[in-house]
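What follows is a set of notes on a single structure, which appears directly below.
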Amino acid sequence: MRKISRRTFLKSSAVVAGSAAVSISKHGLASPVHQDAITPKLAQLPYADIQLLDGPLLEQFNKNHAFFLNLDDDKLLKPFRQKAGLAAPGDDMGGWYSFSKDFDPPRNFTGYVPGHTFGQYLSGLARAYAITGSKPTQEKVQRLVRGFAATVSEKFYVDYPLPAYTFDKTNCGLIDAHQFAGDPQALAVLNHATDAVLPFLPPKALTRPEQEARPHKNIAFTWDETYTMPENFYLAYKRGAGDRYRQLAARFLQDDTYFDPLAEGRNVLPGEHAYSHVNALCSAMQAYFVTGSEKHLRAARNGFDFVRSTQSFATGGWGPNETFRKPGSGEMGESLTSTHASFETPCGAYGHFKIARYLLSVTGDSRYGDSMEKVLYNTILGAKPLREDGTSFYYSDYNNSASKFYHQDKWPCCSGTFPQITADYGISSYFRSGNDLYVNLYVPSKATWRQNGARCTLTQHTSYPYSPETSLALQLDRPETFAILLRVPAWAGPKTFVSVNGKRVSEAPAPGAFFSVKRTWQDGDRVEVSFDMPMQLEAVDPQDAQTVALLYGPLALFAIGDAALDVNRSQLLAAQQTSSGSTDWLLQTGSSRVTMKSFPAIRDEKYRLYHEVKG
Ligand SMILES: [Zn+2]
């Protein structure tokens, strides 16, 4: 094991400071140091340029922002201080986050991966600062980075079961603190933390069987996720942490067992851990952006296509019991009676949004946006809020006797991805291409950008998908010419139409594509979209066509109660919304009237997603 002297640390910090001659802009944001080899068709807007307006997305973001802003620094830093032999005041957070002698995998997960989500909480706060400009949030990020810096040492990873898993999140938090919260030390701290973890990492990304074949202290030591690291290594390189991060990224790309077969169109997902393998597709995308490797783009596209077409429930969620299934095995349908752990929701939704955003930006294919809105309305927006003691929502339940429940362990992985995905709602909603603006999500929000020096703002008001329409208003310093591209979901019916200033556009929008409205816009111009939102049935497995869920546009409808319904297809399709904008529908079956609700509207009642239909 290599010892890191203070001299080495200072040297690597100086290298970082030299290479990271970053320009700092509004809200302390840093510009990238290394440009991508690939310029995607659609560009993401900065966090600050998209503001959510009143509605369920803003409420969830605000709750998570306030929650982590108020979480005690000493408690957050405690596991790192303890391992470094420093004074460690404050209470243990408990659950997965604090060291515990009770840890006994796979029976007891108390003390599983101490400090694992620290980087994600830091990342969520840094992104929240980029969105809101909240000074206390920036100060908290910088305080946590300083506090963490004092603890960094190899000692942390001695006898630590998942070093790559935790380090990947730490990396993400530090590069976000640098990029989004203008933290002047974060990259130097990252370099030091990288030196500390390297002796504990294997030479390449390892599968679980490869880890099982190596000596291991207990089963948890075979669960590390080395294959997710390249994404953040590439981002660290691009943000100026130094060239070794590009080399580390390449070293941990899981080409042999994952990306090579996926790139060749072989579905190697079945049996794999679901979220971490979706997350790994984001590493393939960063390899494509940084190096231009077409193989990695193909791997990510094919992998995500397999997820959407062979592993997904009607909600857009995937991976029952966190495991991908063999297509045609009937295991998706079997999961409706065998498990309540149907979809790992905050982590899964976070990974899903990230890979969909990358692929949407490269391809311009609106269907990636369709999959994002399904996951949004049917999974993450219905997640129960975090509780002060770390009690977290983890699994969505699609069992035939389902309910919403919190996870048994406090501070699990999903408590880390929850503040990250809610901070990413804005950047997932709009994109730019040249002068054109893409509207990807129909959510109450405001996007601002500059064109030829003129300030342009688009404000969206909507209660979509509960009302099948949205309204967009422009504020412009002066008339400007550009296209607004509206995502027309693949499910949209023939009566979908677009209006400009109250006048219907004659061309019919094609489903499954972006519909372009180009003109010279004036201040005060309005665009309205009216969606023909059909009722549709979706089978759980292709070979089990009688087990179906009901969808209204992107929205899955859950029958309240867990009794098997005496219902046929036409009765399901005739369910009626109780009033426009309502979250409730009424279903008349052969024998009773049943209320159906969207996932966010469900509280503590039992519910059921899939129904056996007759005929
Ligand atoms: Zn999770």
Side-chain angles (χ1 to χ4, degrees), residues 60 64 67-68 93-98 105-106 109-124 161-162 164-173 208 220 223-229 231-232 272-283 307 311-313 315-324 335 339-356 375-376 378-387 389-398 404-424 599:
Q60 219 178 33
N64 281 340
F67 182 95
F68 288 100
M93 301 219 319
W96 290 16
Y97 199 87
S98 304
F109 282 87
T110 308
Y112 176 26
V113 270
H116 68 123
T117 37
F118 173 81
Q120 293 176 304
Y121 303 157
L122 194 61
S123 158
L162 288 86
Y165 174 85
T166 293
F167 178 75
D168 185 37
K169 300 161 196 273
T170 306
N171 182 2
C172 180
R208 280 200 184 173
W223 297 336
D224 208 0
E225 295 172 359
T226 40
Y227 46 86
T228 70
M229 289 194 296
E231 182 189 23
N232 287 312
E272 296 292 3
H273 179 251
Y275 162 60
S276 61
H277 283 81
V278 165
N279 205 19
L281 299 176
C282 298
S283 287
V307 172
Q311 307 288 337
S312 295
F313 293 103
T315 58
W318 33 258
N321 285 338
E322 302 191 31
T323 307
F324 284 130
S335 78
T339 187
H340 293 273
S342 309
F343 176 47
E344 184 186 354
T345 296
C347 291
Y350 177 63
H352 193 108
F353 261 53
K354 232 175 1 150
I355 185 66
V375 166
L376 175 67
N378 302 321
T379 79
I380 188 66
L381 263 188
K384 288 160 91 74
L386 277 160
R387 286 192 180 151
D389 64 355
T391 300
S392 300
F393 187 75
Y394 190 121
Y395 293 119
S396 291
D397 183 359
Y398 307 143
K404 277 191 187 174
F405 58 92
Y406 280 109
H407 195 59
Q408 61 192 20
D409 299 315
K410 298 190 191 327
W411 308 109
C413 50
C414 286
S415 70
T417 41
F418 200 9
Q420 291 184 297
I421 184 167
T422 51
D424 287 354
F599 193 61

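Just so you know, ligand 1 is whichever comes first in the structure, and atom 1 is the first atom listed for that ligand.
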Next item on the list: With the side chain counted from C-beta on, respond yes when T323 and H273 share a heavy-atom pair under 4.5 Å apart, and no when they do not.
Entry: no
Checklist line | Shell of protein N/O/S atoms around the Zn ion (ligand 1), taken as anything under 2.8 Å | finding: E344 OE2, C347 SG, C413 SG, C414 SG
Checklist line | Aromatic ring pairing W223/Y112, orientation class (parallel under 30°, perpendicular over 60°, tilted between) | finding: perpendicular
Check: How are the rings of Y395 and F405 set to each other: parallel, tilted or perpendicular (split at 30° and 60°)?
Finding: tilted
Margin query: As a test of understanding, state which of H407, E322, Q408 forms a side-chain hydrogen bond (donor to acceptor under 3.5 Å, both in side chains) with Y394.
Written below: E322
Margin query: So, taking the atom named CD in E344 and the one named SG in C414, what distance separates them when rounded to the nearest 0.5 Å?
Written below: 4.5 Å
Check: Can we say D389 and K410 salt-bridge, meaning some charged N sits less than 4.0 Å from an Asp/Glu carboxylate O?
Finding: yes
